[in-house]
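Being a predicted model, the structure only gives us computed values, none of them experimental.
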Number of protein chains: 2
Amino acid sequence: MNLTETQQKFVQTWGTLGNNWGINKTMAQVHALLLISERALSTEEMMDSLQISRGNANMNARALVDWGLVTKEMVSGDRRDFYSAKKDIWVIARQIAKQRRQRELEPVISALAELRTEMPKDSAHAEMLKRVNDIQDFSIKVDKMLEKFEKSDENWFYKTLLKMM
Amino acid sequence: MNLTETQQKFVQTWGTLGNNWGINKTMAQVHALLLISERALSTEEMMDSLQISRGNANMNARALVDWGLVTKEMVSGDRRDFYSAKKDIWVIARQIAKQRRQRELEPVISALAELRTEMPKDSAHAEMLKRVNDIQDFSIKVDKMLEKFEKSDENWFYKTLLKMM
DNA sequence: TTAAACTTTCAATTATTTCTGAAAGAAAAA
DNA sequence: TTTTTCTTTCAGAAATAATTGAAAGTTTAA
């Protein structure tokens with residue numbers, strides 16, 4: 001897979017976006033590459049296209065599988081692993097929402113809940129108590145909203161959007 | 001401001017969360033500190049509480065002002081700057097949404113739009129064209145949703161949440 | 001078996017980000 | 001003016017994260 005200039009620019013853009021959102025740049029680039037490829041790619045092809053090492057390609061491809069954004073595919077008569085990205089943007093968005101909720105939001109909700117039980121009810125902690133309560137309530141709301149989104153279909157999103165406006 | 005163990009834990013938790021979301025850990029910690037303080041704090045107090053250098057305290061406090069999460073306050077008869085965080089979680093959430101939209105989402109939307117105009121209409125770019133179109137459409141939807149959220153009040157959010165469920 | 005073709009791991013290296021602290025800058029007080 | 005008190009900047013140091021590449025591990029074929 002030899003990238004045209006335009007394709008490289010896309011891969012680059014996606015990498016920058018990912019990076020801004022706290023995602024490894026290479027991981028985002030591998031994802032971009034797979035997104036615009038019409039067939040599944042081997043590790044070798046990813047290494048070539050993105051000029052990265054074998055270890056890096058392998059690690060990031062598997063991280064993407066972990067995130068549920070990419071699937072590993074076997075081609076009969078070929079011993080190599082091939083990777084292919086899910087192409088539906090709604091599926092992708094939902095998957096990312098799901099993973100971030102699990103990995104980043106839920107731990108905070110638990111940590112805050114724990115903090116709440118441990119918190120002395122004295123005046124030194126009065127301000128903190130307010131903040132922790134507020135943030136906890138808010139986080140749970142966001143959590144529920146994301147959960148709903150994860151289970152939704154595209155159509156639901158459109159309808160909700162309409163209702164919102 | 002000498003932190004109790006519980007307060008330290010909160011600051012720590014907030015720092016970890018921020019870090020996960022691609023935000024500088026210290027910046028998140030300074031924010032947490034200001035969130036649970038009932039009065040505005042001086043640079044010196046932030047340095048003490050978080051065990052960080054003057055430069056670091058100053059830089060991150062000002063970054064928070066940049067993000068619109070913190071305001072600089074002057075106390076008459078005192079030459080020092082004091083910093084105080086906005087306390088309302090809805091205001092905070094909206095402000096973060098606004099900033100991330102501006103800083104991270106809009107650049108991607110422009111980059112994709114530009115890409116779209118430059119993209120050759122040949123078969124080598126067919127797959128990419130589909131992806132770029134889909135992502136672009138989706139990004140604009142999210143952009144609009146965030147814009148709506150930014151201008152909303154707490155009440156609107158609750159109502160929308162209800163409608164969604 | 002043994003060899004071949006691939007994948008995975010991980011210690012060492014490289015790159016990036018963050019932090020420090022001292023120096024320079026700015027504003028008020030003496 | 002000069003001094004004092006505080007803020008800001010920024011080059012270098014430290015910490016963290018990402019990447020490499022070679023060796024070890026696996027699986028299939030010969």
Please report, rounded to the nearest Å, how far the P atom of C:dT17 is from the CG atom of A:Asn20. 10 Å
Hey, is A:Glu5 close enough to A:Lys9 for a salt bridge, meaning N to O under 4.0 Å? no
Once you apply a heavy-atom cut-off of 4.0 Å, does A:Arg80 come out as touching a base, just sugar-phosphate, or nothing? sugar-phosphate
In whole Å, what is the span from the CD atom of A:Glu44 to the C1' atom of C:dC6? 10 Å
Separation of A:Asp66 atom CG from C:dT8 atom C1', in whole Å? 14 Å
Output the distance between atom CG (A:Leu64) and atom OG1 (A:Thr26), rounded to the nearest 0.5 Å. 10.5 Å
d(CG, B:Asn58; C1', C:dT18) in whole Å: 15 Å
For A:Asn19 and B:Arg54, find the nucleotide of DNA chain D closest to each by heavy atoms; which residue's nucleotide sits nearer the 5' end? B:Arg54
Distance, rounded to the nearest Å, where B:Leu50 contributes CG and C:dT20 contributes P: 10 Å
Between B:Ala57 and A:Ser42, who's closer to the 5' end of DNA chain C by nearest nucleotide? A:Ser42
Would one find a side-chain N or O of B:Thr26 under 4.0 angstrom from OP1 or OP2 of C:dT18? no
What contact category does A:Tyr83 fall into here, base, sugar-phosphate, or nothing, at under 4.0 angstrom with non-hydrogen atoms? sugar-phosphate
Can you check the B:Met74 CE to C:dA27 C1' distance for me, whole Å? 11 Å
Looking at A:Arg80 and A:Glu45, is there a salt bridge between them, counting it only when a charged N and a carboxylate O are closer than 4.0 Å? no
Rounded to whole Å, CE of A:Met59 lies from P of C:dT9 at a distance of 10 Å
For chain A and DNA chain D, what are the first and last nucleotides along the strand, 5' to 3', with at least one atom under 4.0 angstrom from a heavy atom of the protein chain? D:dA18 to D:dA29
Passing candidate, side-chain contact (heavy atoms from CB on, under 4.5 Å) with B:Leu35, options B:Ile92, B:Val11, B:Val70: B:Ile92
CG (A:Asn2) with more than 12 external heavy atoms under 6.0 Å: no
Where does the angle between the aromatic ring planes of B:Trp14 and B:His31 fall among parallel (under 30°), tilted (30 to 60°) and perpendicular (over 60°)? tilted
Length of the line joining A:Met47:CE and C:dC6:C1', which is rounded to integer Å: 12 Å
State which of C:dT20, C:dT8, C:dA5 makes the closest approach to the side chain of B:Asn56. C:dT20
Sort out for me which residue in A:Lys98, A:Arg100, A:Arg101, A:Lys144 forms a salt bridge (Lys or Arg N to Asp or Glu O under 4.0 Å) with A:Glu150. A:Arg101
Just checking A:Arg62: base, sugar-phosphate only, or nothing, at a heavy-atom cut-off of under 4.0 Å? sugar-phosphate
